[in-house]
A.B. asks: 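There's a structure below that I have some questions on.
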Amino acid sequence: MLLDKSKIKLLLRALVQTNETEVDCDACFDSMAEFAESQLSGASVPEALILIDDHIKICVDCEEQYQILKTTISEIDDLDSHQAKKLGL
């Protein structure tokens with residue numbers, strides 16, 4: 001299997017961003033909603049979720065799931081705001 005420059009660059013990026021302590025995809029997924037809500041609220045990322053952030057930066061599959069989740073949460077928040085305005089809240 002030949003690696004083109006983009007694949008080599010991606011592998012090197014992942015290698016540089018690895019930490020001594022890592023989480024796997026299952027652990028990342030378990031904490032992803034909490035991480036997304038923290039990010040969307042503008043709050044700083046709690047220490048316990050730093051590894052989730054690190055994992056999302058190097059895992060294409062989890063990054064994709066994170067973007068979908070983040071979009072979904074934003075859309076739900078927008079719907080909630082719209083409903084509250086409709087009800088005069």
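Quick note: numbers below take in every heavy atom, side chains included, and nothing from hydrogens, waters or symmetry partners.
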A.B. asks: Sort out for me which residue in Ile76, Thr71, Leu69 forms a side-chain contact (heavy atoms from CB on, under 4.5 Å) with Ile73.
C.D. replies: Leu69
A.B. asks: Can you measure from OG (Ser44) to CD (Gln39) and round to the nearest 0.5 angstrom?
C.D. replies: 9.5 Å
A.B. asks: Give, for atom SG of Cys25 and atom CE of Met32, the distance between the pair rounded to the nearest 0.5 Å.
C.D. replies: 8.0 Å
A.B. asks: Is Ile68 reachable from Leu40 through a run of I, L, V, M, F, W or Y residues, each pair having side-chain heavy atoms under 4.5 Å apart?
C.D. replies: no
A.B. asks: Quick check: do Ile50 and Asp54 have side-chain heavy atoms less than 4.5 Å from each other?
C.D. replies: yes
A.B. asks: So how far is it from Asp53 CG to Ser38 OG, rounded to the nearest 0.5 Å?
C.D. replies: 9.5 Å
A.B. asks: Could you go through Gln65 and Ile56, starting from their C-alpha distance and side-chain angles, then the distance that decides it, and tell me whether this counts as side-chain contact (heavy atoms from CB on, under 4.5 Å)?
C.D. replies: CA-CA 9 Å; Gln65 290 299 314; Ile56 289 170; over 6 Å; no
A.B. asks: Can you tell me how far apart CD (Glu34) and CG (Leu49) are? Round to the nearest 0.5 Å.
C.D. replies: 4.5 Å
A.B. asks: Calculate, to the nearest 0.5 Å, the distance between atoms CD and NZ belonging to Glu63 and Lys70 respectively.
C.D. replies: 9.0 Å
A.B. asks: Rounded to the nearest 0.5 Å, how far does SG of Cys59 lie from CD of Glu22?
C.D. replies: 10.5 Å
A.B. asks: Give me the atom names and distance for the closest heavy-atom approach of Ile52 to Ala27.
C.D. replies: CD1-O, 3.9 Å
A.B. asks: Ignoring hydrogens and angles, tell me if any N or O in the side chain of His55 forms a donor-acceptor pair with the backbone of Cys28 under 3.5 Å.
C.D. replies: no
